[in-house]
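Convention: sequence-line order gives letters A, B, ...; per-chain numbering from 1. Remember, it's a predicted structure, so these values are computed and weren't measured experimentally.
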Amino acid sequence: MSYRTHTCGELTVRNIGERVTLAGWTARVRDLGGLVFVDLRDRYGKTQIVALMSSPTAEFFKSLHNEDVMQVIGTVQARPTGMANRQMPTGEIEVAAESAALLSQAAPLPLGVEDEEEASEEVRLRYRYLDMRRPRLMNNLLLRHKALQSVRRFHDEQGFVEVETPFLIRSTPEGARDYIVPSRVQPGCCYALPQSPQLYKQALMVGGVDRYCQITRCFRDEDLRRDRQPEFTQIDLEMAFVDEEDVFAHTERMMQRLVKDTLSLDIDLPLPRLNYFDALARFGSDAPDLRFGLEISRLDAQFRGAGFRAFDEALANDFSVFGINAAGKGELSRRERVELEERAKSEGLPGLLTVPVSSQGLGGALGKLFDATRTAELLRVMESKPGDLLLFAAGEERSILTGLGRLRRRLAEQWRLISKGEYKFCWVINPPLFEVSADGELTPAHHPFTSPIAADIDKLETEPLKVCAKAYDLALNGFELGSGSIRIHSPRLQERVFKAIGINIEEARHRFGFLLEALGYGAPPHGGIALGFDRIVMLLAGETNIREVIAFPKTNVASSLMDGAPTPVDDQQMAELGVKWINISKNT
RNA sequence: GGGGAUGUAGCUCAGUUGGUUAGAGUGACGGCCUGUCACGUCGUAGGUCGCGAGUUCGAGUCUCGUCAUCCCCGCCA
């Protein structure tokens, strides 16, 4: 006989009179003396079990503890008139118990499975298997499953081949720090866990797998954030014989389908596109949040010669002035404006000038400095009207823009300019191919296999920093969902790019192993994208933290509180690997 | 590596200018109760105030250090 004939979420009035067997967790026991109710729960729902004092099971029910696992055999019956619970799907019926069996006993729980939100992050992570019994995490896991199936089904329909690539790979010094795995068979050598399957998917293109997709784990040993875990899942895809437009079209349809399959929402295509520099200039971010305004304006011309000393000095130093129109915020109190200025400093801005706009013109520090013409011009550029509050900051262009970008997001949250359930995607396209690293070297902004846009190839040797890449990021609601590019498939162009960043072909071959060789054996034009699956699910779930959509996530210092990883390992294990610790100061 | 927040009963929290025996809700345990559904009701147990120093007649409260969890900057091709 099977453990259960039905789940705890499916019995309704249609089942009245049926003899059923249910199994699940004891969610609650309501002992009324001569009458006992038990809510039996599984992931499908809850069903009320009832036993009269005269019933042989009543004594057993009274002895139950919360979360004991049991099996009940009984008959589905309608609840007495007026006793239905309209809150729950099974609320019109109950199961009159004939017999019951305890399947497993539960000790008192360290967190309340029944109450929502009443547990610290620490306790939830330590007892993740209990947290899972609560609807929030369970629903997120179910949503994640749906999203996985949607993406797989879509790619299968489109003729994509799912190929698994290795987890034990060659370490490359580029990019994020690698997780390292020492080899026992080859003492002194290590594998790395992949930061992404980049090199392999390009090899697959050379191999003729012209449409590849993989939903796979990636590993990066960097500090965590609310949208970053050391191991995370990517939707990785690559296509041969395509240009950017093909990748855009494919990715957009995948996202459209994903949002439809999970949330039943329709996304309009094509998705808007922003040039990388425009995104930075207007939103102070390469992953702009388009759900609200507060756009940034460049105001060098409007402030030049206006006599505002701090900004004049900045302009004289080749710095810039930028502003944001906080529409309708002109009535903020003196104190609120000071708080705003403090907030700006905490976002890395050197300072913030706040100026209310009234029907008389500009207030605050600019009231006396700006004449009618200058005022009119400023209001025109900032699209401002009386009742607004203007925010200004001056300094080095990029740092002011990114600072204002962070402030912009904070203010939108604080002022509740974002409505829930809105999904605003956008492509951010054609970023620079190279950037200058901290030590002054030219480095690839994306990765060294990214193709420059055709029009810029001639500048590779002369003005490398002006070369734009055939690369693109997909952003959603202020988060980077993923990025990709059209790759270089010509060994000659690849060589020029390496030369531009100061590495010769031998060195490149040493660092990137097989890929360069592969490109020499007939590589089709190809490109692709990799999307952060956890982030996508986080946003679909309406969560603000990636941990909420990961079954067993890590803490800020990359610990797993449930199993205690990472731990020291035996000397024996280390000896086999030929590895010895030095200078260990803590955690030993 | 840097900045910020938090840490008090199993859980979620309160605890005043430093002052007697550290409280509440919930959960746990025991009793009563025949229509509950956050059942009600009566009772009982439950504390290394994260840890370690220091200041003080006296520290949950003040100072320093340290650990843990969270958020941000750096970092994340």
Side-chain angles (χ1 to χ4, degrees), chain A residues 27-41 46-55 58 62-63 65-67 79-88 90-91 94 106-127 130 172-178 195-196 198-199 218-230 232 343 345-348 399 402-403 406 409-410 431 433-435 437-438 441-450 469 471 480 483 485 501 511-512 530 532 544-545 547 554-557 559 561 586-587:
Chain A
R28 195 149 245 136
V29 179
R30 289 181 294 278
D31 177 3
L32 273 60
L35 183 65
V36 190
F37 296 101
V38 178
D39 288 339
L40 196 64
R41 189 201 67 245
K46 283 184 209 167
T47 299
Q48 176 166 286
I49 314 295
V50 63
L52 281 173
M53 183 169 55
S54 52
S55 149
K62 287 181 186 192
S63 74
H65 305 93
N66 271 348
E67 299 301 310
R79 295 194 190 181
T81 319
M83 295 303 155
N85 183 342
R86 312 256 171 233
Q87 261 42 290
M88 47 201 290
T90 62
E94 61 195 2
L109 266 64
L111 66 84
V113 166
E114 284 300 296
D115 21 289
E116 234 357 58
E117 302 300 331
E118 285 224 346
S120 66
E121 192 80 32
E122 210 169 335
V123 173
R124 292 179 58 201
L125 292 175
R126 168 79 176 80
Y127 301 97
L130 296 180
T172 53
E174 268 62 38
R177 268 183 287 270
D178 281 330
Q195 298 171 27
S196 82
Q198 183 62 39
L199 303 184
C218 301
F219 307 85
R220 293 182 189 173
D221 186 7
E222 296 293 344
D223 288 349
L224 288 81
R225 286 288 185 280
R226 70 183 215 269
D227 62 348
R228 266 163 42 186
Q229 284 271 310
F232 60 100
R343 167 59 57 75
K345 279 182 192 158
S346 74
E347 297 298 344
S399 108
T402 54
R406 283 193 290 270
R409 277 200 84 169
R410 282 295 191 85
L433 187 62
F434 303 114
E435 60 192 14
S437 70
E441 304 269 304
L442 207 60
T443 59
H446 185 53
H447 61 63
F449 313 109
T450 301
E480 181 197 313
S483 60
S485 63
I501 54 178
R511 281 155 80 167
F512 304 109
T544 58
N545 195 299
R547 287 188 303 272
K554 307 265 190 293
T555 70
N556 270 348
V557 287
S559 296
L561 294 184
K586 58 179 191 177
N587 291 339

[atom1] atoms of [N] and [M], separation to the nearest Å:
| N | M | atom1 | answer |
| --- | --- | --- | --- |
| B:U6 | B:C42 | P | 37 Å |
| B:G46 | B:G30 | C1' | 15 Å |
| B:G27 | B:U63 | P | 37 Å |
| B:A24 | B:U69 | C1' | 24 Å |
| B:G1 | B:C76 | C1' | 15 Å |
| B:U61 | B:U16 | C1' | 10 Å |

Is there a side-chain contact between [X] and the phosphate of [N], meaning an N or O under 4.0 Å from OP1 or OP2?
| X | N | value |
| --- | --- | --- |
| A:Ser120 | B:U69 | no |
| A:Asn545 | B:C71 | yes |
| A:Asn66 | B:G27 | no |

Pairing partner (Watson-Crick or G-U wobble, both distances under 3.5 angstrom) of B:G35: none

Pairing partner of B:G7 (Watson-Crick or G-U wobble, both distances under 3.5 Å): B:C67

Base, sugar-phosphate or nothing for [X]? Non-hydrogen atoms, less than 4.0 Å.
| X | result |
| --- | --- |
| A:Arg30 | base |
| A:Arg547 | sugar-phosphate |
| A:Val557 | sugar-phosphate |
| A:Leu52 | base |
| A:Thr443 | nothing |
| A:Gln48 | base |

Note: A:Glu222-A:Arg177 ion pair, threshold 4.0 Å (strictly below): yes

A:Asp39/A:Arg30 salt bridge by N-O under 4.0 Å criterion: yes

No-H, no-angle donor-acceptor pair, A:Glu94 side chain to B:G35 base, under 3.5 Å: yes

